[in-house]
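Input: a single structure, listed below in structure tokens.
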Amino acid sequence: MRTDVRTVERTIGFDHGRMPAITSRIANWWECGEQEHPCIIATVAPKSEGPSHDMTEHWMNVDGIIARTMHRIDNTRYYGEAVPYHYLDLGASAMACTLGGRVEFVDTTTIWSHPSLNSLEAAADLIRDRTNPYYRLLIDTARRSAACAQGHHFIAPYALGGLLDTIAGLYGTEPMLIDMLERPSLLKKALENMKRVWIDSFNEIASVISSGDHGGIGWAGVWAPGTTFPVQEDCSYMFSADMFREFCVPHLADIFDAMDYPFYHLDGIGAIVHLDALLEMKDLKAIQWQPGAGKERLHQWYDLIRRIIDAGKACQVYAHADEVDDLVKNVGANGLLVICNCRDESTAHELMEKCVE
């Protein structure tokens, strides 16, 4: 299948008349189909407001969250396959926050959840507390956003996290790693429990944010023809490929099965050792490669990107606008989706003109 219809448009806000062309191209990308040009998600965001002096107000006031989000959506310029969406942002540790982690508001972009459980047994028996204030915040925000989403924006679920990532966030990374060696059976019991919590939470938030528009979206901003989520196990860089297959792969398979378009967030060079296991997972549709701080320039990763695409998985990367030409020359366009956060309108427009030549 080949699909290459594209227009180069420059708008403030989003013209929903473009959706059929966008959805056709991205649906083809999810299947790692042939495409003359890569899918490009490029945006120019409005200038952010000044820093907030009240972190609790910034993160916990639903009215303020909705107002900021709608202002950003309506004043962003969208190019290529970019679509408007609201990511229910409570930081990367949002799941741990909703499960009782001790929350620290660091600044307007970062939240930490510190360990609150004193035993692995507690993690194995953990259940969701729907009175938790951070859970209530996310559900209330999702409902408010869904009420005005129809014909306006998509909504991405909050960060449900990796199973081991969440257990580490609630119990501590070091004790969890020790238990991988000393109490593997109990850790597997905790993972089985956390998987049930994960899938239940995903199904619940997917139901809340469904607005009638076809398809879904994850925090990366990649539309999908059905339910989707960027699944991860960021702590996996600390253990071997065999341990990843033992502790992670069986649960990842069940999580992938719980959605239509599973997407894996492969984070950092230490996680590359797990790529073979991921490429063998037949239900996994796409892999996001995020090299990590200091390793971002894509010329270092052409072989890895080709390896993902050659295995039949679509690949999403982040790039600076000046990297895209060389990237496509070296890895081709098939199966490739590039996200660029452009500094200005001129840069985005030039990028899109090159990508449709």
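Bear in mind the structure is a predicted one, so any value in this text is a computation, not a measurement.
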Test ring pair (Phe, Tyr, Trp, His ring centres under 6.0 Å) applied to Tyr134 - qualifying residues, sequence neighbours left out: none
From Asp140 atom CG to Leu137 atom CG, the distance as rounded to the nearest 0.5 Å: 7.0 Å
Gln300 side chain to Lys295 backbone, donor-acceptor under 3.5 Å: yes
With Glu246 via salt bridge (charged side-chain N to carboxylate O under 4.0 Å, His left out) - residues at least two apart: Lys188
Pair Asp322 + Arg297: basic N to acidic O under 4.0 Å: yes
pair Phe256-Lys282: side-chain heavy atoms closer than 4.5 Å: no
Which atom of Cys235 lies closest to which atom of Leu164, heavy atoms considered: SG-CB, 3.5 Å
Non-hydrogen atoms of Ser93 and Ser113 that approach each other most closely: CB-CB, 3.7 Å
Check: His265 ring centre within less than 6.0 Å of Phe263 ring centre: no
Shortest non-hydrogen contact from Ala258 toward Asn203: O-OD1, 4.3 Å
Minimum side-chain heavy-atom gap Lys285-Glu31 below 4.5 Å: yes
Sidechain-backbone polar pair: Asp326 side chain, His299 backbone, donor-acceptor under 3.5 Å: no
Side chain to side chain, Trp29 and Pro38, heavy atoms closer than 4.5 Å: no
With sequence neighbours excluded, residues passing ring pair (Phe, Tyr, Trp, His ring centres under 6.0 Å) with Tyr261: Trp30
Glu192 atom CD, neighbour heavy-atom count above 12 within 6.0 Å: yes
Worked verdict on Met238 versus Met180 for side-chain contact (heavy atoms from CB on, under 4.5 Å): CA-CA 11 Å; Met238 292 184 281; Met180 290 182 83; over 6 Å; no
Pair Ile22-Arg25, side-chain contact (heavy atoms from CB on, under 4.5 Å): steps then yes or no: CA-CA 5 Å; Ile22 290 173; Arg25 281 184 53 81; over 6 Å; no
Spatial distance of atom CD (Gln232) from atom CD1 (Ile255) [nearest 0.5 Å]: 10.5 Å
Euclidean distance, Phe154 CZ relative to Ile209 CD1, rounded to 0.5 Å: 10.5 Å
Side-chain donor/acceptor of Arg130 to backbone N/O of Arg136, under 3.5 Å: no
Sequence neighbours excluded, every pair satisfying salt bridge (Lys or Arg N to Asp or Glu O under 4.0 Å) that has a member inside residues 216-244: none
Asp107: partners by side-chain contact (heavy atoms from CB on, under 4.5 Å), with sequence neighbours left out: Thr109, Thr110
Asn61: side-chain hydrogen bond (donor to acceptor under 3.5 Å, both in side chains) partners, not counting sequence neighbours: Glu57
Salt bridge present between Arg77 and Asp344 (N-O < 4.0 angstrom): no
Thr76 side chain to Arg72 backbone, donor-acceptor under 3.5 Å: yes
Any donor-acceptor pair under 3.5 Å from Glu81 side chain to Ile40 backbone: yes
Those residues that, when tested against Arg245, pass side-chain hydrogen bond (donor to acceptor under 3.5 Å, both in side chains) (two or more places apart): Glu280
Ring geometry between Trp59 and Phe105 (parallel below 30°, tilted from 30 to 60°, perpendicular above 60°): parallel
Path from Ile111 to Ile139 over hydrophobic side-chain contacts below 4.5 Å: yes
Qualifying salt bridge (Lys or Arg N to Asp or Glu O under 4.0 Å) pairs, either residue in residues 142-153, two or more places apart: Asp63-Arg144
Donor-acceptor contact present, side-chain Tyr78 to main-chain Ile73, <3.5 Å: yes
Beyond-backbone contact of Val106 with Trp112, side-chain heavy atoms, under 4.5 angstrom: yes
Shortest non-hydrogen separation from Ala159 to Ala92 and the atoms involved: CB-O, 3.8 Å
Distance in Å, Leu160 CG paired with Met194 CE, rounded so as to fall on 0.5 Å steps: 11.5 Å
Check against side-chain contact (heavy atoms from CB on, under 4.5 Å), Ile272 and Trp289: CA-CA 9 Å; Ile272 294 174; Trp289 169 233; 3.7 Å; yes
Spacing of CE belonging to Met95 relative to CZ belonging to Arg128, to within rounding of 0.5 Å: 7.5 Å
Within the 6.0 Å centroid threshold, strictly below: His251 and Trp198: no
Audit row: Ser145, His153, side chain to side chain donor-acceptor pair (under 3.5 Å) steps and yes/no: CA-CA 9 Å; Ser145 187; His153 64 274; 2.8 Å; yes
Close side-chain approach of Leu278 and Leu252, heavy atoms under 4.5 Å: yes
Exercise: identify the closest heavy-atom pair between Asp260 and Gly226: OD2-CA, 3.5 Å
Non-hydrogen atoms of Leu99 and Ile127 that approach each other most closely: CD2-O, 4.5 Å
Residues in ring pair (Phe, Tyr, Trp, His ring centres under 6.0 Å) contact with Tyr237, at least two apart in sequence or another chain: none
Show me the donor-acceptor pairs, under 3.5 Å and distance only, between side chains in residues 308-318 and residues at least two apart or in other chains.
residue : atom : partner : partner atom : Å
Lys313  : NZ   : Met281  : O            : 2.6
Lys313  : NZ   : Leu284  : O            : 2.8
Gln316  : OE1  : Gln288  : NE2          : 2.7
Tyr318  : OH   : Gln288  : NE2          : 3.3

Expected output: side-chain Thr166 to main-chain Leu163 donor-acceptor under 3.5 Å: no
Value rounded to 0.5 Å, distance of CG in Asp276 from NE2 in His274: 11.0 Å
Under 3.5 Å donor-acceptor, Ser116 side chain and Gly100 backbone: yes
Ile66 and His86: CA distance, side-chain angles, deciding distance, side-chain contact (heavy atoms from CB on, under 4.5 Å) verdict: CA-CA 9 Å; Ile66 294 296; His86 175 190; 4.2 Å; yes
Tyr158 side chain reached by Ile205 side chain, heavy atoms, under 4.5 Å: yes
Side chain Asn28, main chain Glu34, donor-acceptor under 3.5 Å: yes
Donor-acceptor contact below 3.5 Å, side chain Asp283 vs main chain Ala253: no
All side-chain contact (heavy atoms from CB on, under 4.5 Å) counterparts of Lys189, not counting sequence neighbours: Ala124, Asp125, Leu186
By side-chain hydrogen bond (donor to acceptor under 3.5 Å, both in side chains) - contacts of Asp257 (at least two apart): none
